[in-house]
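One structure is given below, encoded as structure tokens.
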Amino acid sequence: QMQLVESGGGLVQAGGSLRLSCVAFGRTFSSYTMGWFRQAPGKEREFVAAIRWGSGITDYVDSVKGRFTISRDNTKNTVYLRMNSLKSEDTADYYCAATRSSAVVTTQINYDYWGQGTEVTVSS
């Protein structure tokens, strides 16, 4: 089992920044691709970003490219999501997730472990 614990959410004004963190417990973190997903009120959960194990290659949903950056620190078993130039449409619960796959990383069903989520609210 792997446990994932997110933190760093909160209330921020449009144009502001936040950094989300997700700490992993219980498995070899460096062997997992880590992803961030989000679910806005009344909407389905969607892929935001992922960083592959080994290569560190990243993927982003188009709506956050150039504004969000995913990174990882394997020495701290932590993945980060730096969010800049936040918009009201970024308001959502953000979840981190882990998968052994390094191929298809944008699909929720491929992820084995999920955190409980952290809330991000962007006021306009």
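Quick caveat, the model's predicted, so the values are computed rather than measured.
Taking the side-chain contact (heavy atoms from CB on, under 4.5 Å) definition, one finds that V105 meets it with T33, A50, R52, D59, Y111, sequence neighbours left out. Residues meeting the ring pair (Phe, Tyr, Trp, His ring centres under 6.0 Å) test with Y113, sequence neighbours left out: none. Q3 pairs by the side-chain contact (heavy atoms from CB on, under 4.5 Å) definition with F25, not counting sequence neighbours.
Listed here is the closest heavy atom pair of M83 and L20: CE-CG, 3.8 Å. Closest heavy-atom contact between S123 and L11: CB-CD1, 4.3 Å. Heavy atoms only, all atoms of each residue included: S88 and S124 are closest at CB-CB, 4.4 Å. Residues A49 and L81 approach most closely at CB-CD1, 4.2 Å, considering heavy atoms.
A heavy-atom distance below 4.5 Å is found between the side chains of R38 and V64. Considering only heavy atoms from C-beta on, L4 stays 4.5 Å or farther from V23 through its side chain.
The side-chain hydrogen bond (donor to acceptor under 3.5 Å, both in side chains) contacts involving residues 6-17 comprise S17-N84, where partners must be two or more places apart or lie in separate chains. Within the structure, disulfide bond (SG atoms under 2.5 Å apart) pairs that include any residue of residues 10-124 comprise C22-C96 (at least two apart or interchain). Pairs passing the ring pair (Phe, Tyr, Trp, His ring centres under 6.0 Å) check and including a residue from residues 58-96, sequence neighbours excluded, do not occur.
A ring-centre distance under 6.0 Å is not found for F47 and W36.
A distance-only check finds a donor-acceptor pair linking the side chain of T99 to the backbone of S101 [under 3.5 Å]. With E119 contributing its side chain and G10 its backbone, the two residues share no donor-acceptor pair below 3.5 Å. Proximity of a side-chain donor or acceptor of N110 to a complementary backbone N or O of V104 within less than 3.5 Å is detected. In this structure, the side chain of R100 engages the main chain of S31 through a donor-acceptor pair within 3.5 Å. A donor-acceptor contact shorter than 3.5 Å links the side chain of T78 to the backbone of K76. The backbone N or O of T121 sits nowhere less than 3.5 Å from a side-chain atom of T91 that would complete a donor-acceptor pair.
With a 6.0 Å cutoff to the six-membered ring centre and a 45° limit on the axis angle, R72 does not count as a cation-pi contact of W53.
A salt bridge links D90 to R67: one of the charged nitrogens lies within less than 4.0 Å of a carboxylate oxygen.
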Residues L18, V120; criterion side chain to side chain contact (heavy atoms under 4.5 Å, CB included); working and verdict: CA-CA 9 Å; L18 281 176; V120 172; 3.9 Å; yes
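Under a cut-off of 6.0 angstrom, the local environment of CD in E46 is crowded, with over 12 non-hydrogen atoms contributed by other residues, nucleotides or ligands.
Under the 4.5 Å side-chain heavy-atom criterion for ILVMFWY residues, a single connected hydrophobic cluster contains both F37 and M2.
The OG atom of S63 sits 8.0 Å away from atom NZ of K87, with the distance rounded to the nearest 0.5 Å.
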